[in-house]
Each structure stands twice: as structure tokens, then as C-alpha cells.
Amino acid sequence: MSKIQDKVVIITGVSSGIGEATAKELAFRGAKVVMAARREERLKTIQEDIKNNGGEARYKVTDVSSHQQMEELADYALKEFGKIDVLINNAGVMPLSPVHENKIKEWDTMIDVNIKGVLYGISAVLPFMRERKEGHIINVSSVAGHLVFPSSSVYSGTKFAVRAITEGLRQEECMNNIRTTIICPGSVATELTDHISDEELKTSIKKQSEIAIDPANIARAIGFAIEQPSDVAINELIIRPTIQEL
Ligand SMILES: NC(=O)c1ccc[n+]([C@@H]2O[C@H](COP(=O)([O-])OP(=O)(O)OC[C@H]3O[C@@H](n4cnc5c(N)ncnc54)[C@H](OP(=O)(O)O)[C@@H]3O)[C@@H](O)[C@H]2O)c1
């Protein structure tokens, strides 16, 4: 039996990109997937697709920047499936811009979604995982969580934070048999660059993203981390297109 079979996995940011690919990969491998994002129509279509391929998935419309909604998401997973084995904090936004442009609203959104969303997710599932002395929290950071480039100051700041939070959590919770994994993708072909408001920068970043790999590759890496025996923790994975230099 696949080590993923019957695991209950909450995934945020499932309405496109890496989240969608991961929900499909894990559901097709037998996981019971609880999908979250804000765009309900997309979640519905993805759920149908998974169902038509013999998988099991539920969804709950959730804004990860709301602590209350993240608690409700965890409660929903428990009500539907009775346990939570894995949380994948994947939802994220990347409206890049140089600091001097003062895009305060975009900074706030990145901090709310990329950092607070991850913390709220952890907070919503940790009590149950500590009680069971079992669980796996997977946080999606980025290559931009290892390095900074002009216009990535705030985005990289949030992704460095995700790595710091995850490593701290690992040290605090490893004795409770809770595994943590940091996923650091390089360039992946998704909608992430669509929300860059500076048109010139958007065009340039999209040009650099021509080397991007399919999100299914990140989904497979996440599956690899989950399928390890419970006494083995894959703590961090960096997955780039082969030809990506930085
Ligand atoms: N693509 C890349 O090259 C790349 C590289 C490194 C890291 N990453 C990271 O990978 C993760 C997934 O991004 P992606 O590339 O798959 O981009 P994407 O296609 O734009 O997907 C982002 C997802 O996040 C969700 N989301 C955004 N704000 C949200 C909120 N407030 N509440 C709930 N969900 C929210 C979106 O759903 P709704 O809008 O429907 O809510 C969407 O499903 C992000 O953390 C990103 O930083 C991506």
C-alpha cells in the first residue's frame, strides 16, 4: 500500500498552480484531500476532476489570512475525515516591486498571506498533531527564501521567514513526532507572476520564467516527502529547472 494511501491532507492555495497539481497527485495516490483557496468555482472543478479519476477530495473556501477561517478549515477536515495527517501551507502571492515604489498594500498582502497564513495554518493543526504525537507540516517557501534580488526584498523576506518558522517548529516539535518539510521551488509555470502590478517588471519576470517547469514536478517532490517512513523527515527540498542559474 502507498504510504500516502488514506492520509488526510489539508492543502491551501489549491485553485491553481502547485496547489492544484499537489492535490491531484496526492488524491490519485490515495490521500483524502481537503482543499482550500478563495475561488470556489475552481475548487469545484478540481474536486470533480479528482472524483472522476477515482480520488477523494473535499473543499472549503478559505482565506488563509484569516485565523478564524484557518481554524474552521482544520475543524472541517476533522469533521469530514476524523484526523489530520498532513498540512501543506502552499498559498502564496508574489507582487514583486522595488522598495522605493512604496506598494504598502502589496507588502501587507504578502505578509498576511505568505507569513501569517502559514502561522495560522500551523496554529490550526498543531494541537491535534501534538495530541496524536503524529503529523507532518509542509511549508512552501522558495528559492527566493534562500536569495534576494532587486524587487524581491519583501517577497524574499516572507519566504526567508517561512524557512525560519519551519526550522524553529522542527526543533520544537520533533520530540512530538511531528515532521516538517520546507519546499523551495525555483521557477514553476503557474499564475504567480500574473499579480505583479509593475507592467515592465512583469514582462521581464515572465521572460525569465520561460524556463519554468511544470507544477507536477513540485507535487511529486511533496509526495516524496510524505511517503517516507514516519521516523524519516525530509526537512528541506530545493527543486529548480535544471537550467536555472540562480
Ligand atoms: N511558481 C513559482 O515559480 C514559485 C516558485 C517558488 C515558490 N512558489 C510558491 O509556491 C506557492 C504556490 O504558488 P503558485 O506558483 O502555484 O502560484 P499560483 O498559481 O498563483 O497559486 C497561488 C495560490 O494561492 C492562493 N491564494 C492566494 N491568496 C490566498 C489567500 N488569501 N487565501 C487563500 N489562498 C490564497 C490562490 O488561490 P485563490 O486566489 O483562489 O485564493 C492560488 O490557489 C506560493 O507560496 C509561491 O510563493 C512558487
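Each ligand, and each atom within it, is numbered from 1 in the order the structure gives. The structure presented is a predicted model; accordingly, all values stated were derived computationally and were not measured.
- Applying the side-chain hydrogen bond (donor to acceptor under 3.5 Å, both in side chains) rule to Ser209 yields no partners; only residues at least two apart in sequence or on another chain are considered.
- Pairs engaging residues 77-125 under the ring-ring contact (aromatic ring centres under 6.0 Å, His included) rule: His67-Tyr120 [sequence neighbours left out].
- Protein neighbours of ligand 1 below 4.0 Å, counting non-hydrogen atoms: Gly13, Val14, Ser15, Ser16, Gly17, Ile18, Ala37, Arg38, Arg39, Thr62, Asp63, Val64, Asn90, Ala91, Gly92, Val93, Val113, Val140, Ser141, Ser142, Tyr155, Lys159, Pro185, Gly186, Ser187, Val188, Thr190, Glu191, Leu192.
- Using a cut-off of 4.0 Å between Lys/Arg side-chain N and Asp/Glu carboxylate O, Lys51 and Asp49 are scored as not salt-bridged.
- Contacts of Phe160 classified as side-chain contact (heavy atoms from CB on, under 4.5 Å), with partners at least two apart in sequence or in another chain: Val148, Ser156.
- Between Glu56 and Arg58 there is a salt bridge, since at least one side-chain N of the basic residue sits less than 4.0 Å from a carboxylate O of the acidic one.
- When atom types are taken as modelled, the side chain of Asn90 and the backbone of Thr12 share a donor-acceptor pair closer than 3.5 angstrom.
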